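Each remark here refers to the structure printed beneath this line.
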Amino acid sequence: MNKKTLKDVDVKGKRVFCRVDFNVPMQDGKITDETRIRAALPTIQYLVDQGAKVILASHFGRPKGKVVEEMRLTPVGIRLSELLGKDVKKADEAYGDSVKALIETMTEGDVLLLENVRFYPGEEKNDPELAKSFAELADVYVNDAFGAAHRAHASTEGIAHILPAVSGLLMEKELDVLGKALSNPERPFTAIIGGAKVKDKIGVIENLLELVDNLIIGGGLAYTFVKAQGHEVGKSLLEADKIDLAKSFIEKAKAKGVNFYMPVDAVVADDFSADANSKVVAIEEIPADWEALDIGPKTAEIYRDVIQKSKLVIWNGPMGVFEIDKFANGTKAVAEALAEAEGTYSVIGGGDSAAAVEKFNLAEKMSHISTGGGASLEFMEGKALPGVMALNDK
Ligand SMILES: Nc1ncnc2c1ncn2[C@@H]1O[C@H](COP(=O)(O)OP(=O)(O)OP(=O)(O)O)[C@@H](O)[C@H]1O
Ligand SMILES: O=C(O)[C@H](O)COP(=O)(O)O
């Protein structure tokens, strides 16, 4: 990476504004997945060990520039304190005199968690005044929030133009793994793209077609491709305005010598629910009144085989409605194939695929699970991430 990292600056005794992504899933005030908090620990611990005064900032949810009581970072602060094994002070604001007063009392190695930065309208607008108010709190800026690196906000981008700005250890690792995978891939290189909408994955598919040996399509978006091949898809997800685009992707793959894999069978249901009637059908035989909610067993077998022969696999988006057990088999089969494949480096592109891997208790068997959903997608699309671009060059 050509950007300065934490190791390039001296932070001893300095006030460090460290942007993290503590946007964790929460239900009734309880954190349901603490992966992102754990992923930030190496940077926080490093700063503590170096004797920095660690000022942590994060967004949580989408409060739209207002204080939303349920979106305070208080539960995160409590959990962070347990994980670090030390006291973490929590501020009720993210800047201003009350925060400055708290920082005045900090000694080397102390940790302070600021309030949700999205309580202020200037955050998402990347307001220079808000960026200045954040910058006034610190001497150095560290961005460890890979999950929010695709956002040009005051605490992810604006502030980096004011203070010396470097990447944290998680940010560095994410960029390193994803960057190496895309720029110098071990082959055969396979991408698995699933999820709900073609619209969301156009850029990713386009970019990956230039890079991969095998492209595997699954999930709800597969049925636009199935339709593009001339088959009926019943009530399955279909983006009619993307059929031509899907055709062009299939043709482009052929022209480039990329093996393009689509479902050959599907699990169809007469309703989108756990108690729907369901059955396996060949892909040409999806009944008019039914919808395909998972790839079928033959498809899963073919995908498993491709995965096991690959040296590098990037996976983004589930193969079916994995949240409902009877439609989770395709996603599970892909996760298991990745877990079992020997000598295959597996990169899970965050979001729902990461949640699926967690659900099947296979997270530890994956080589790298990105903490970024949207950020990893944009990275795979080949887009520059504003939160990274704004950091100081080496
Ligand atoms: N055949 C299908 N029909 C309808 N919905 C489906 C189908 N297959 C998968 N899905 C749904 O797609 C959703 C995931 O789609 P999405 O595009 O958000 O995935 P993702 O790329 O992993 O998400 P993220 O952007 O968070 O990484 C899941 O909730 C899943 O239930
Ligand atoms: O969960 C995420 O993908 C990141 O924290 C970014 O959140 P956002 O989509 O609300 O900007």
Side-chain angles (χ1 to χ4, degrees), residues 19-26 33 35-37 39-40 58-64 71 116-118 123-124 144-153 155-157 191-205 217-226 233-239 263 266-269 271-274 276 278 283 286 290-296 299 314-331 334 348-359 369-381 385-387:
R19 177 58 157 98
V20 289
D21 186 349
F22 284 164
N23 187 27
V24 289
M26 211 178 293
D33 178 5
T35 307
R36 280 181 166 171
I37 306 178
S58 177
H59 72 285
F60 179 76
R62 293 178 174 169
K64 302 210 168 90
M71 292 188 188
N116 190 346
V117 289
R118 285 195 187 164
E123 167 65 2
E124 291 180 73
D144 209 28
F146 175 73
H150 57 316
R151 308 288 183 213
H153 294 170
S155 71
T156 61
E157 208 271 351
I192 309 171
I193 303 296
K197 296 191 187 116
V198 179
K199 165 166 104 17
D200 295 345
K201 307 281 162 88
I202 293 170
V204 183
I205 296 175
I217 300 284
L221 60 82
Y223 304 96
T224 301
F225 288 86
V226 171
V233 297
K235 289 190 171 158
S236 312
L237 274 188
L238 176 69
E239 287 167 79
V267 180
V268 295
D271 189 25
F272 191 105
S273 75
S278 64
I283 209 69
I286 300 177
W290 296 55
E291 56 190 311
L293 295 181
D294 195 9
I295 55 171
T299 308
I314 287 184
W315 179 21
N316 182 281
M319 296 292 98
V321 183
F322 74 99
E323 299 92 337
I324 301 177
D325 284 347
K326 67 205 277 195
F327 308 120
N329 290 335
T331 305
V334 163
I348 315 301
D352 278 301
S353 336
V357 166
E358 280 288 342
K359 175 177 163 150
I369 300 183
S370 177
T371 51
S376 72
L377 266 186
E378 292 204 15
F379 191 89
M380 285 191 250
E381 283 177 50
L385 303 176

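Remember, it's 1-based here, ligands and their atoms both numbered in the order they're listed. This is a predicted model, so every value here is computed, not measured.
Annotation for Lys197: atom NZ does not count as buried by contact number, only 12 or fewer foreign heavy atoms lying within 6.0 Å.
Residues Ile205 and Ile217 are in side-chain contact: their nearest non-hydrogen atoms beyond the backbone lie under 4.5 Å apart. Looking only at side-chain heavy atoms (C-beta outward), Phe146 and Ser376 come within less than 4.5 Å of each other. For the pair Val117/His153, no side-chain contact is recorded, criterion being any heavy-atom separation below 4.5 Å from C-beta on. Within the 4.5 Å cutoff, the side chain of Ser278 has no heavy atoms near those of the Leu293 side chain.
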Between ligand 1 and the protein, which N/O pairs are shorter than 3.5 Å?
residue, atom, partner, partner atom, Å
ligand 1, 1 (N), Ala292, O, 3.0
ligand 1, 8 (N), Gly220, N, 3.1
ligand 1, 15 (O), Ala196, N, 3.0
ligand 1, 17 (O), Ala196, N, 3.1
ligand 1, 18 (O), Asp352, OD2, 3.3
ligand 1, 21 (O), Lys201, NZ, 2.6
ligand 1, 21 (O), Asn316, OD1, 3.1
ligand 1, 22 (O), Asp352, N, 3.3
ligand 1, 23 (O), Asp352, OD2, 3.3
ligand 1, 29 (O), Glu323, OE2, 2.5
ligand 1, 31 (O), Glu323, OE1, 2.7
ligand 1, 31 (O), Glu323, OE2, 3.4

**Prompt:** Step by step, would you call Val204 with Asn316 a side-chain contact (heavy atoms from CB on, under 4.5 Å)?
**Reply:** CA-CA 10 Å; Val204 183; Asn316 182 281; 5.9 Å; no

**Request:** Could you walk me through whether Asp325 and Lys359 pass the salt bridge (Lys or Arg N to Asp or Glu O under 4.0 Å) test, one step at a time?
**Result:** CA-CA 11 Å; Asp325 284 347; Lys359 175 177 163 150; 3.3 Å; yes

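Closer than 4.0 angstrom to ligand 2 lie heavy atoms from Asp21, Asn23, Arg36, His59, Arg62, Arg118, Gly147, Arg151.
Exactly one residue among His59, Arg118, Glu123 makes a side chain to side chain donor-acceptor pair (under 3.5 Å) with Ser155. That residue is Glu123.
Side-chain atoms of Asp294 come within 3.5 Å of backbone N or O of Asn329 as a donor-acceptor pair.
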